[in-house]
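Pasting in a structure now, in structure tokens, and then I'll have a few things to ask.
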Amino acid sequence: MSSVSPIQIPSRLPLLLTHEGVLLPGSTMRTSVDSARNLQLVRSRLLKGTSLQSTILGVIPNTPDPASDAQDLPPLHRIGTAALAVQVVGSNWPKPHYTLLITGLCRFQIVQVLKEKPYPVAEVEQLDRLEEFPNTCKTREELGELSEQFYKYAVQLVEMLDMSVPAVAKLRRLLDSLPREALPDILTSIIRTSNKEKLQILDAVSLEERFKMTIPLLVRQIEGLKLLQKTRKHKQDDDKRVIAIRPIRRITHIPGALEDEDEDEDHDDIVMLEKKIQTSSMPEQAHKVCVKEIKRLKKMPQSMPEYALTRNYLELMVELPWNKSTTDRLDIRAARILLDNDHYAMEKLKKRVLEYLAVRQLKNNLKGPILCFVGPPGVGKTSVGRSVAKTLGREFHRIALGGVCDQSDIRGHRRTYVGSMPGRIINGLKTVGVNNPVFLLDEVDKLGKSLQGDPAAALLEVLDPEQNHNFTDHYLNVAFDLSQVLFIATANTTATIPPALLDRMEIIQVPGYTQEEKIEIAHRHLIPKQLEQHGLTPQQIQIPQVTTLDIITRYTREAGVRSLDRKLGAICRAVAVKVAEGQHKEAKLDHSDVAEGEGCKEHILEDAKPESISDTTDLALPPEMPILIDFHALKDILGPPMYEMEVSERLSQPGVAIGLAWTPLGGEIMFVEASRMDGEGQLTLTGQLGDVMKESAHLAISWLRSNAKKYHLTNASGSFDLLDNTDIHLHFPAGAVTKDGPSAGVTIVTCLASLFSGRLVRSDVAMTGEITLRGLVLPVGGIKDKVLAAHRAGLKQVIIPQRNEKDLEEIPGND
């Protein structure tokens, strides 16, 4: 055959310095270029070159490129690989760099480095021939037995692989088509070898040495594959054995033999989960979904993230109380006694609960009512919900809605999201374990709203008796019946509740307590609770009703009893200190002389401060039991009174009247002060008033000016024109508090009439009502809360609109 002229590489090559991998002739490698000299080489040589010769590089292994041009070149590896740059890809993240795809051509040896900047260039000597060797018998004889042995191992290695893979089949064909000289480099780059071993193959210039070094690497790879195949064969046999056993177990699954098989199947959680699904009493639709999911779970490997999600979903479906419920206690007489023992007053609430019990006696499948208790803080809305559950014999679960701004908290998240979970309704049912509990939706008026949706809108389905029998949580994605759940919502005001949600609930107003009711609550419930919490007994402390009244009137001013409860706790703590000190002193006296005890008593009498009604009683040696809490003890423990009866003092001059206002925290009294001075007839309003209250002030002055002659009202100069050369200033004290509403109209008229007539307003009278320009008085709301506020302030009479006379039925007769 004719000889083929050898292919020569350029005698001068730019050098690409690498330290991560070793490129062998005939193989392909990707390398990242991010150092200064290598970047300059790519930009100047590869990207700007136009000839084939400009794409040939000299790849030097095991040589890191310095980070900057200022640093000298490190010692270069002696042998390198001439390579052809096939592809260049650039990127700017996280820093500018290029990724090169290069193919090795042949070995070369560095003769001399010609320049180092901007990138190294060296004079090289080619070590391998780049020519096509004919595949003839003569060539095979020259290669000798070493080449045949290498070829045999290479074929054995490839045939151990899966020949159905296209890459493996192509490699088998290459073994026959490529010259034997190229095979050591190509197979070394394919099999699992370290960079150090590849570097040794690269340095082996002699073909015989290259064969000798590569054969042990092939043998090592063949032994590794044999061991791997043996391990896989054992595992497949075990799997076949398990698969063969499980169908037999299913075939012999007899209902009567469940007890015998339980011990064998306890270890398999999925089998236990499947049994729970089969024995559960869930609806048909939910059962179909669970069966479908359990089939998917069986085919799913445990390493998949969806495995845990599906298993958690199935466990929740099994744990939900689809048909499990508690039996209601329908004894109305026992329920009335229980409610009276737990709560004093609250007649409306008790009446509504007893009505529900009565109807349940007559109709078993009654839907649960949707109640909403509206009232100021501290009046017992939440605790009465717990008492309702106790009365009915049902489970109780509280859901705090204050600040909730995501509708997924109510309806749950869809299972497509990471970390998805059911909503609070379904979670609550799972917690209580029955489908007819009492759910308390606390602070429903403080729901938020955000980009994640409106939770108040999500509650529309929950709190609608016509819809909640088919409530669908996003996580469950199947319907759940909520019609047997008794929902009780609590709120301080209905102003912030959306009208659609308010329409679905039965509103029951829970007004504040009168002083007499607070005294009863304190002595029936609060004081015994505080004594138990502080380890005291009635034989150690006595709080008479007069003292309780002083605490209510002088140290608290609220519609509920929370502050009263805290004040009683402070008293119990102070008494607990004295009792503990007395026990310590008593024990000390038992071990001392009587004379020493007398001296000790005199010393303590000088330092100790008594807190009982008698100044001569020493509470530390030991105190006389029981300790009586009177006004002097209150002052020592709680400090000076926080609220004083200053009404009569503030009404000592004309132009001052007392009005009544309603707030979400209960009723409040409100002073209105007026003064006049020489001026141009202007009306000044201060006290941070709203637009409605400002309009009420203008209405009042207009009506008084039009009726000045009738009521003999004159200004300072005696004229019936009240604003003639006169300015009027109306002020509502507590200027930091925003005030608005129409109910101050009557109070403003009375205040201005007092100013212009010079007559004092009675100091024991408060008033409320809206006025019109014709002098009519319109009804207002919150009458009971306003009357209670006047009662707390010590006022004896309250003036209300005649059309509010119907509201007086809610006020106890002793008010």
Side-chain angles (χ1 to χ4, degrees), residues 342-350 371-388 396 398-404 439-448 456 487-497 501-502 505 507-522 524-527 529-530 533 548 551-570 638 642-643 660-670 734 736-741 781-793 810-811:
D342 285 349
H343 290 84
Y344 183 76
M346 292 190 175
E347 299 303 328
K348 279 188 177 181
L349 298 185
K350 297 176 183 178
L371 307 178
C372 182
F373 299 159
V374 181
V379 296
K381 300 184 296 296
T382 302
S383 61
V384 80
R386 189 175 284 104
S387 293
V388 169
F396 176 79
R398 175 179 172 270
I399 300 177
L401 297 179
V404 172
F439 269 11
L440 183 76
L441 306 178
D442 215 1
E443 309 293 353
V444 74
D445 60 326
K446 296 175 180 60
L447 284 169
F487 288 101
I488 298 177
T490 67
N492 296 132
T493 176
T494 57
T496 55
I497 302 177
L501 182 60
L502 195 64
M505 299 186 293
I507 306 298
I508 298 179
Q509 295 290 340
V510 187
Y513 297 116
T514 64
Q515 289 182 0
E516 288 76 10
E517 289 173 343
K518 287 183 180 180
I519 293 174
E520 286 295 326
I521 293 171
R524 289 190 183 190
H525 303 287
L526 301 184
I527 293 178
K529 183 189 74 172
Q530 290 293 342
Q533 289 181 354
T548 308
I551 299 174
I552 294 171
T553 56
R554 293 173 175 267
Y555 291 93
T556 64
R557 185 153 293 179
E558 57 175 350
V561 292
R562 281 187 183 151
S563 294
L564 175 61
D565 192 30
R566 286 192 287 267
K567 300 299 181 184
L568 293 173
L638 302 180
M642 300 174 62
Y643 305 100
L660 297 172
W662 181 90
T663 70
L665 305 179
E668 294 289 342
I669 66 169
M670 178 178 59
V737 180
T738 303
K739 309 170 191 69
D740 201 5
I783 291 297
K784 183 174 182 180
D785 287 321
K786 293 177 180 179
V787 172
L788 294 180
H791 182 65
R792 287 196 299 268
E810 301 179 0
I811 303 172

_Checking the side chain of Lys381 only, and the main-chain atoms of Cys372 only, is there a donor and an acceptor separated by less than 3.5 Å?_
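Side chain of Lys381 to backbone of Cys372, a donor-acceptor pair under 3.5 Å: no, none is there.
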
*From Lys786 atom NZ to Ile669 atom CD1, the distance as rounded to the nearest 0.5 Å*: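 The NZ atom of Lys786 sits 13.5 Å away from the CD1 atom of Ile669.
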
*Hey, what do you get for CD1 (Ile399) to CG (Leu440), rounding to the nearest 0.5 Å?*
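These two atoms lie 8.5 Å from each other.
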
*Which heavy atom of Leu788 sits nearest a heavy atom of Gly512, and at what distance?*
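Where Leu788 meets Gly512 most closely, the heavy atoms are CD1-O, 2.9 Å.
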
_Would you compute the distance between atom CD1 of Ile508 and atom CG of Leu349 and round it to the nearest 0.5 angstrom?_
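Between Ile508 CD1 and Leu349 CG, I get 5.5 Å after rounding to 0.5 Å.
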
*Judged by atom type as modelled, is there a donor-acceptor pair below 3.5 Å linking the side chain of Lys350 to the main-chain atoms of Ala345?*
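Flag set: sc Lys350 to bb Ala345 pair under 3.5 Å.
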
*Would you say the side-chain atoms of Tyr344 pair up with the backbone N or O of Glu517, donor to acceptor, closer than 3.5 Å?*
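Looks like no, no N/O pair under 3.5 Å.
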
*Contacts of Phe487 that satisfy ring-ring contact (aromatic ring centres under 6.0 Å, His included) - sequence neighbours left out*: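 Here the qualifying residues are Phe439.
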
*Heavy-atom side-chain contact between Lys567 and Met642 under 4.5 Å*: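 In short, these two side chains touch, coming nearer than 4.5 Å.
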
*So, Asn492 side chain and Gly375 main chain: donor-acceptor pair closer than 3.5 Å or not?*
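Yes, the answer is positive, given that a donor and an acceptor are paired below the 3.5 Å cut-off.
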
*Where is the tightest heavy-atom contact between Glu558 and Leu564, given as atom of each residue plus distance?*
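Heavy atoms of Glu558 and Leu564 come nearest at OE2-N, 3.1 Å.
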
_Name the residue from Leu371, Asp442, Val510, Val374 that meets the side-chain contact (heavy atoms from CB on, under 4.5 Å) definition with Thr490._
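Of Leu371, Asp442, Val510, Val374, side-chain contact (heavy atoms from CB on, under 4.5 Å) with Thr490 is met by Asp442 alone.
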
*Considering all heavy atoms of both residues, which atom of Val444 and which atom of Ala489 are nearest to each other, and what is their separation?*
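Closest pair (atom of Val444, atom of Ala489, distance): CG1-CB, 4.0 Å.
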
*Give, for atom CD of Gln509 and atom NZ of Lys348, the distance between the pair rounded to the nearest 0.5 Å.*
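Between atom CD of Gln509 and atom NZ of Lys348 there are 7.0 Å.
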
_Can you list everything that forms a side-chain contact (heavy atoms from CB on, under 4.5 Å) with Ser383? Sequence neighbours excluded, please._
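With sequence neighbours excluded, Ser383 shows a side-chain contact (heavy atoms from CB on, under 4.5 Å) to His343, given in chain and number order.
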
*Evaluate the criterion side-chain contact (heavy atoms from CB on, under 4.5 Å) for residue pair Lys529 and His525; output intermediate values, then yes/no.*
CA-CA 6 Å; Lys529 183 189 74 172; His525 303 287; over 6 Å; no

*Quick one: closest heavy-atom pair of Ala491 and Ile497, and the distance?*
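Closest pair (atom of Ala491, atom of Ile497, distance): CB-CD1, 4.0 Å.
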
*asked:* When you compare the side chain of Tyr513 with that of Met346, does any pair of heavy atoms fall below 4.5 Å?
replied: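 Contact flag for Met346/Tyr513 side chains = yes.
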
*How long is the gap from CZ on Arg566 to CG on Leu526, to the nearest 0.5 Å?*
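Output value for this atom pair is 11.5 Å.
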
*asked:* Minimum heavy-atom separation for Thr496 and Asp445, please, with both atom names.
replied: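 Thr496 and Asp445 have their closest heavy atoms at OG1-O, 2.8 Å.
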
_Nearest 0.5 angstrom please: Ile521 CD1 to Asp565 CG, how far?_
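It comes to 11.0 Å.
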
*Between Lys518 and Gly560, which heavy-atom pair has the shortest distance, and what is it?*
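Smallest heavy-atom distance, with atoms named: CE-O, 3.3 Å.
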
*Applying side-chain contact (heavy atoms from CB on, under 4.5 Å), name anything that partners Arg386, two or more places apart in sequence or on another chain.*
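Testing Arg386 for side-chain contact (heavy atoms from CB on, under 4.5 Å), a comparison that skips the adjacent residues, returns Phe396.
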
